[in-house]
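Notes for the one structure printed next.
Numbering starts at 1 and runs along the sequence shown.
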Amino acid sequence: MFYKYLHVTFVGVVATLLDSIVVAELAGYWLHRLLHSDKIPALSRGHLIHHFLIYGPQQPMRAVDYHDATDSRFSVGNVGLEWLAPSAIILFFCWGVMALLGVPLVYQALALCTLLAWPILMFSYLHDRMHIEDFWMTRVPLLRTWFLKARRMHDIHHRSVDPQGLMDTNFGIGFYFFDRCFRTMAKRHRPFNWKGYRTALKRYGLDEPELLSLEGCSKSLFSKTGPQVIAHARFFRNSSQIKL
């Protein structure tokens, strides 16, 4: 009765949800790769603040609170422009394709809601919780194994830097299906490429002054570990002085 009133079918609803999730995962995978590709330097730089200054190689991957990398930059919540602008284009493109194909409005609305909700769930909520200590999923038997494995894959992503200073593995968040498809999946940590890391610092100008300017968005790091901050500052100063 409910489905007839909305002029939809159960199979149609399920198919729309599944198709939208697959499209959202694929779009999220390629958008994440774009942010690490340096094809659009301004977008890459915004994302690499998270990778190199907030959760860099000398900093822990997890803390009591999530350290936000979007302070002093345009954002919605803690989602920066490097994610918002491309996501809006992808969403508009998907809507246009559905309109051209004559997809019923109810299915269009369901698909667009899913295309919006799934990335928020995966690339915002779940991603941020991967950087929080003692997240509730680590205590739930049915979710613990999956979450810890996905979190470890993301840790590997944070430390996989090629000689050009680009991260090149594990672009998924909760699921790594498309990393398998496109051969960007890495299951083990490898020696950290310090030369590539310094190349990236130099390319994007991510140096000591910017590290210190992020004090407002990583208060626990700066307020609880004074000596560690000094060590970080010295590290970035030395990195900027190294000639490659």
Exercise for review: List the steps, then state whether ring pair (Phe, Tyr, Trp, His ring centres under 6.0 Å) holds for F182 with W30.
Suggested key: CA-CA 10 Å; F182 298 107; W30 280 108; 5.0 Å; yes
Point to revise | Test item: R203 side-chain N/O and Q164 main-chain N/O as donor-acceptor pair under 3.5 Å | key: yes
Review point. So do H189 and D155 actually touch side chain to side chain, heavy atoms under 4.5 Å?
Key: yes
Check your understanding: Measuring from D179:CG to M153:CE, what's the distance to the nearest 0.5 Å?
Key -> 6.5 Å
Check your understanding: Is a side-chain N or O of Y176 found less than 3.5 angstrom from the main chain of A150, in a donor-acceptor match?
Key -> yes
Review point. Between H36 (side chain) and L166 (backbone), is there a donor-acceptor pair under 3.5 Å?
Key: no
Revision key, fill the gap. Here the gap from L34 atom CG to E82 atom CD, rounded to the nearest 0.5 Å, amounts to 11.0 Å
Exercise for review: Flag the pair R62 and D134 as a salt bridge only when some basic side-chain nitrogen lies within less than 4.0 angstrom of an acidic carboxylate oxygen.
Suggested key: no
**Study point:** Close side-chain approach of R159 to N193, heavy-atom, < 4.5 Å
**Key:** no
**Study point:** Sub-4.5 Å side-chain heavy-atom contact between L48 and M167
**Key:** yes
Review point. Does any non-hydrogen side-chain atom of L121 lie less than 4.5 Å from one of L126?
Key: no
Point to revise | N/O donor-acceptor pair under 3.5 Å between S44 side chain and L35 backbone | key: yes
Practice item. Keeping the roles fixed (side chain from E25, backbone from V22), state whether a donor-acceptor pair exists under 3.5 Å. Key: no
Check your understanding: Within a strict 4.5 Å, meaning less than it, do heavy atoms of the V64 and I132 side chains meet?
Key -> no
Exercise for review: Using atom types as modelled and distance alone, determine if a side-chain donor or acceptor of H157 lies under 3.5 Å from a backbone N or O of F171.
Suggested key: no
Study note, to complete from the structure: dist I90:CD1 -> L26:CG (nearest 0.5 Å) comes out at 9.0 Å
Check your understanding: Could you go step by step and tell me if H67 and H50 meet the side-chain hydrogen bond (donor to acceptor under 3.5 Å, both in side chains) rule?
Key -> CA-CA 9 Å; H67 302 321; H50 164 75; over 6 Å; no
**Study point:** Parallel, tilted or perpendicular, as decided by the 30° and 60° cut-offs, for the rings of W83 and F123
**Key:** tilted
Point to revise | Any side-chain heavy-atom pair of R129 and M137 under 4.5 Å | key: no
Check your understanding: With side chains defined as the heavy atoms from C-beta onward, is the minimum distance between M98 and L101 less than 4.5 Å?
Key -> no
Practice item. Classify the angle between the aromatic ring planes of F135 and Y125 as parallel (below 30°), tilted (30 to 60°) or perpendicular (above 60°). Key: perpendicular
Practice item. Give a yes or no on whether the backbone of T184 and the side-chain of R33 come within a donor-acceptor separation of less than 3.5 Å. Key: no
**Study point:** Inter-residue atom distance Y204.OH - L53.CG, 0.5 Å rounding
**Key:** 12.5 Å
Check your understanding: Do R190 and D168 sit within salt-bridge range, that is, some charged N less than 4.0 Å from a carboxylate O?
Key -> yes
Practice item. Please confirm whether F175 and W146 have ring centers closer than 6.0 angstrom. Key: yes
Check your understanding: Do L112 and L116 have side chains that get closer than 4.5 Å, going by heavy atoms?
Key -> no
Point to revise | W95 vs F93, ring pair (Phe, Tyr, Trp, His ring centres under 6.0 Å): CA-CA, chis, key distance, verdict | key: CA-CA 5 Å; W95 171 79; F93 174 79; over 10 Å; no
Revision key, fill the gap. Between T199 and P163, the two heavy atoms sitting closest are OG1-O, 3.9 Å
Point to revise | Test of ring centre spacing under 6.0 Å for H154 and H131 | key: yes
Check your understanding: Checking side-chain hydrogen bond (donor to acceptor under 3.5 Å, both in side chains) for the pair T169/S160: CA distance, chi angles, key distance, verdict?
Key -> CA-CA 6 Å; T169 61; S160 296; 3.0 Å; yes
